[in-house]
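Numbering starts at 1 and runs along the sequence shown. Atoms within a ligand are numbered from 1 in the order they appear, just like the ligands themselves.
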Amino acid sequence: MSQDCIFCRIVAGEIPSAKIYDHGGVFAFLDIAPVNKGHALVVPKKHYETLFELPEDLGRELTIALKTVGRAVMRATGATGLNLGMNNFEAAGQLVNHAHFHLIPRHQGDGLNLWTQHAYENDEEMRKLAQAIRSAIG
Ligand code: AMP
Ligand code: ZN
């Protein structure tokens with residue numbers, strides 16, 4: 001646990017939160033500034049900074065938590081949709097450096113636009129980038 005991490009302190013109960021889930025290595029609570037009411041954060045109890053530090057063997061517990069909390073958030077808020085999001089690193093808007101998943105309940109026509117999409121210059125640019133990413137995967 002990191003003393004200067006707000007989510008570690010929430011998991012430890014040192015800072016109050018609107019807790020909704022606590023099973024195994026995973027904890028969830030309501031985001032204090034919701035995009036839509038019921039917006040929840042699912043976090044590993046241990047301090048990992050981003051997606052890239054998360055141990056693979058936490059994957060099963062995380063998936064169960066995301067599905068369980070996501071379903072419950074939808075039921076409790078009457079939402080008919082749900083966004084799952086994760087910000088990694090400052091450039092992507094990560095403010096809290098303890099890996100976390102956002103579960104955002106959605107309602108038909110709520111007008112939320114989470115990101116703006118663009119076009120590639122041409123097919124060649126897109127194919128080259130796919131090739132570069134395949135090479136990076138190795
Ligand atoms: P991110 O930009 O992905 O790092 O998101 C951090 C999220 O944590 C934001 O949506 C904040 O509203 C939320 N947050 C920060 N402090 C607290 C807190 N004490 N309790 C609940 N949510 C928090
Ligand atoms: Zn932490």
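Taking the six-membered ring where the residue is Trp, the centroids of Phe7 and Phe29 are separated by under 6.0 Å. Taking the ring centroids of His100 and His102, they lie under the 6.0 Å cut-off.
Atom numbering of ligand 1 starts at 1 in the shown order; those under 4.0 Å from a heavy atom of Ala33 are 12 (O). Residue Gly93 approaches ligand 1 through these ligand atoms, each under 4.0 Å from one of its heavy atoms: 1 (P), 2 (O). Atom numbering of ligand 1 starts at 1 in the shown order; those under 4.0 Å from a heavy atom of His102 are 1 (P), 3 (O), 5 (O), 10 (O). Of all atoms in ligand 1, numbered sequentially from 1 with element shown, those under 4.0 Å from a heavy atom of Leu30 are 21 (C). Close contacts of ligand 1 with Asn87, meaning ligand atoms under 4.0 Å from a residue heavy atom, involve 1 (P), 2 (O), 3 (O).
Protein heavy atom closest to atom 21 (C) of ligand 1, with residue, atom name and distance, is Ile32 N, 3.3 Å. With respect to atom 18 (C) of ligand 1, the closest heavy atom belonging to the protein is Ile10 CD1, 3.9 Å. For atom 8 (O) of ligand 1, the nearest protein heavy atom (residue, atom name, distance) is Phe7 CZ, 3.4 Å. Scanning the protein for heavy atoms near atom 16 (N) of ligand 1, the closest one is Ile6 CD1, 3.9 Å. In this structure, the protein non-hydrogen atom closest to atom 7 (C) of ligand 1 is Asp31 OD2, 3.5 Å. The protein heavy atom nearest to atom 6 (C) of ligand 1 is His100 NE2, 3.6 Å.
The nearest pair of heavy atoms linking His47 to Asn97 is CE1-O, 3.2 Å. When all heavy atoms of Ile15 and Ile6 are compared, the closest pair comes out as CD1-CG1, 3.9 Å.
Under the 4.5 Å side-chain heavy-atom criterion for ILVMFWY residues, no single connected hydrophobic cluster contains both Val43 and Tyr48.
One distance of note links NZ of Lys128 with CG of Asn122; it measures 8.5 Å at 0.5 Å rounding. Taken from CZ in Phe89 to CG in Leu51, the straight-line distance is 8.5 Å, to the nearest 0.5 Å. With rounding to the nearest 0.5 angstrom, the CG atom of Asn87 is 7.5 Å from the CG atom of Leu95. Note: Leu82 CG to Leu84 CG = 7.5 Å, rounded to the nearest 0.5 Å.
The closest approach between His39 and ligand 1 stays at or above 4.0 Å for every heavy atom of the residue.
Atom CD of Gln131 has more than 12 neighbouring heavy atoms from other residues, nucleotides or ligands inside a 6.0 Å radius.
Ligand 1 has a nitrogen or oxygen under 3.5 angstrom from a nitrogen or oxygen of Leu95.
Of all N, O or S atoms in His98, the one lying closest to the Zn ion (ligand 2) is ND1. Among heteroatoms of the N, O or S kind in His47, ND1 lies nearest the Zn ion (ligand 2).
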